[in-house]
Q: 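Quick one: the structure is below, questions incoming.
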Amino acid sequence: MKYALRGFAGVALSIVLLMLAQPAMASAAEGFNVVTSPLPIKISTPPGKTVQTELRIKNEGSQAEGIKVGLMKFAASGDNGQPNIYDLTSKDSYSSWVHFSPQQFTAQPNVWYSVTMTINVPASADLGYYMSVTFSPANQPDAPHVTDLKGSAATLVLLNVVTPNEKRALSLASFETSHGLYEYLPVDFKIKIHNNGNIYVAPAGNIFIQQGSKVISTLDFNAAGGSVLPGSNRVFTETWKDGFPLYVDRVVNGKPVPDKHGVPKRSLKWDFTHASSYRIGHYSAKLLAVYDDGKQDVPLEATVSFWVLPWKIMLVALAIIIVVGYGIYSALRSAGRKARAGVRRRKHDKK
């Protein structure tokens, strides 16, 4: 089986965060045009150690920008595990472990800068700490607050202090499609996973699309390596696009065109080079994923079924069959009447 494990994706912040596992650079909102890399960072260490990691940031604006580095925290919220950034509190003692060098600097346009993050992990540390390193304009208040973050960028840092208390456990809450019947592809699969343990875990695996007993397509599940935080759910979405024709998002100037509800509008694309991927009938999808519980790979399995019926084409084909069939029936009926009339005339002539 093919398992794809890549770098955990990142978070760009304007008002709310993007999902935790997007394999791309984070960029800030208009007015503070920066990108950061890598996104985000996972660090594992025993307690009592000092660890360092390098953060990189580039000013993509046209003028020099004063930038300061701050520290906040993030956590999953809601039933779907949407990540959010929060202010640090007096209980978040790990803030005193963290130091940045430099903590404030001037970034020239289109130049990458490095910031060293040093974490002095005490011997008393245990399990997971979920930090958000913020990059904001230097003229903002010294102490970062969520209300000040509009126009800022953030990189997530997941610190795992490895101890015998670690419990790695996931359960599959649901595996479903957004609909049971599709006219054309794509088909979106939603996989909800719950973390029953006390440390973040990243599942990975494949979704096998079958028609009957034949596997016709394979999708990577969580190729970006997104993690599920302890005590929370995380909804992953994977999409099956290997079809003809295919609904695609409408794009203008490189951006999707939304409808009045904010959902991207779609149009049907007829790429005849993929005509062999015409999809019709009943399909099933089998999820086969695993996670590492610290001792072995533990499987997560589920199956969902759905239909792909291009009903418009089917109605047109049925209409054509009815019209042609009626034409043939009328022609045969007319020919039969003429034949019977000819027989009657011949009998009459003989008399």
Side-chain angles (χ1 to χ4, degrees), residues 1-11 17-23 40-47 72-86 89 91-94 121 124-132 156-178 188-208 219-238 285-304:
M1 180 186 303
K2 176 183 177 183
Y3 297 110
L5 296 176
R6 301 177 186 168
F8 192 58
V11 173
L17 295 176
L18 298 176
M19 293 305 292
L20 282 175
Q22 297 297 325
I41 299 167
K42 293 180 179 179
I43 302 173
S44 291
T45 181
M72 303 184 75
K73 64 181 178 180
F74 76 92
S77 63
D79 191 49
N80 293 337
Q82 175 70 27
N84 284 303
I85 283 181
Y86 299 94
T89 69
K91 296 181 179 180
D92 300 314
S93 59
Y94 58 83
V121 182
S124 59
D126 189 22
L127 301 175
Y129 303 87
Y130 308 108
M131 309 175 191
S132 174
L156 301 187
V157 177
L158 291 82
L159 174 64
N160 176 23
V161 181
V162 182
T163 71
N165 298 325
E166 182 175 293
K167 178 186 176 183
R168 303 168 62 87
L170 298 180
S171 60
L172 181 61
S174 63
F175 175 48
E176 58 189 11
T177 57
S178 53
D188 293 323
F189 300 99
K190 294 183 179 180
I191 307 98
K192 180 184 287 189
I193 293 180
H194 182 75
N195 188 330
N196 308 302
N198 56 18
I199 193 68
Y200 64 86
V201 181
N206 298 100
I207 298 174
F208 299 96
L219 308 178
D220 289 335
F221 164 62
N222 193 24
S227 293
V228 188
L229 299 187
S232 70
N233 293 324
R234 174 75 184 275
V235 174
F236 298 87
T237 301
E238 305 295 347
K286 181 176 182 179
L287 170 68
L288 182 54
V290 297
Y291 70 91
D292 180 7
D293 71 351
K295 298 179 181 179
Q296 61 185 355
D297 284 343
V298 179
L300 301 171
E301 300 181 59
T303 302
V304 65

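FYI, side chains are in, hydrogens and waters are out, and symmetry mates aren't considered; it's all heavy atoms of this structure.
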Q: Taking side-chain hydrogen bond (donor to acceptor under 3.5 Å, both in side chains) as the definition, give me every residue that meets it alongside Ser178, ordered by chain and number, with sequence neighbours left out.
A: Tyr182
Q: Shortest non-hydrogen contact from Tyr130 to Pro230?
A: OH-CD, 3.3 Å
Q: What are the two closest non-hydrogen atoms of Gly226 and Pro203, and how far apart are they?
A: O-CD, 3.8 Å
Q: Please list, chain by chain and in numerical order, all residues satisfying salt bridge (charged side-chain N to carboxylate O under 4.0 Å, His left out) with Glu176, sequence neighbours excluded.
A: none
Q: Can you list the residues that meet the ring-ring contact (aromatic ring centres under 6.0 Å, His included) rule with Phe189, with sequence neighbours excluded?
A: Phe175, Phe306
Q: Tyr94: what forms a ring-ring contact (aromatic ring centres under 6.0 Å, His included) with it, not counting sequence neighbours?
A: Tyr129
Q: Give every residue pair that meets the salt bridge (Lys or Arg N to Asp or Glu O under 4.0 Å) criterion with at least one member in residues 188-208, sequence neighbours excluded.
A: Asp79-Lys192
Q: Could you pull out all residues at least two apart from Asp92 that satisfy salt bridge (charged side-chain N to carboxylate O under 4.0 Å, His left out)?
A: Lys73
Q: Ignoring hydrogens, what is the shortest heavy-atom contact between Asp292 and Val201? Give both atom names and the distance.
A: O-CG1, 4.4 Å
Q: Quick one: does any side-chain atom of Asn80 pair with a main-chain N or O of Val235 as donor and acceptor, under 3.5 Å?
A: no
Q: Can you tell me how far apart CG (Asn206) and CG (Asn222) are? Round to the nearest 0.5 Å.
A: 11.5 Å
Q: Output all residues satisfying side-chain hydrogen bond (donor to acceptor under 3.5 Å, both in side chains) with Ser93, sequence neighbours left out; order by chain, then residue number.
A: none
Q: Enter the distance from Ile191:CD1 to Glu238:CD here, rounded to the nearest 0.5 Å.
A: 5.5 Å
Q: Once side chain to side chain donor-acceptor pair (under 3.5 Å) is applied, what residue pairs with a partner in residues 157-174 remain, sequence neighbours excluded?
A: Asp126-Thr163, Asp126-Asn165, Asn160-Glu166, Ser171-Asn196
Q: Of all heavy-atom pairs between Gly81 and Ala76, which one has the smallest distance, and what is that distance?
A: O-CB, 3.9 Å
Q: If the condition is salt bridge (charged side-chain N to carboxylate O under 4.0 Å, His left out), which residues does Lys286 pass it with, not counting sequence neighbours?
A: Glu301
Q: Looking at Tyr291 and Ala169, what are the two nearest heavy atoms and their distance?
A: OH-CA, 3.7 Å
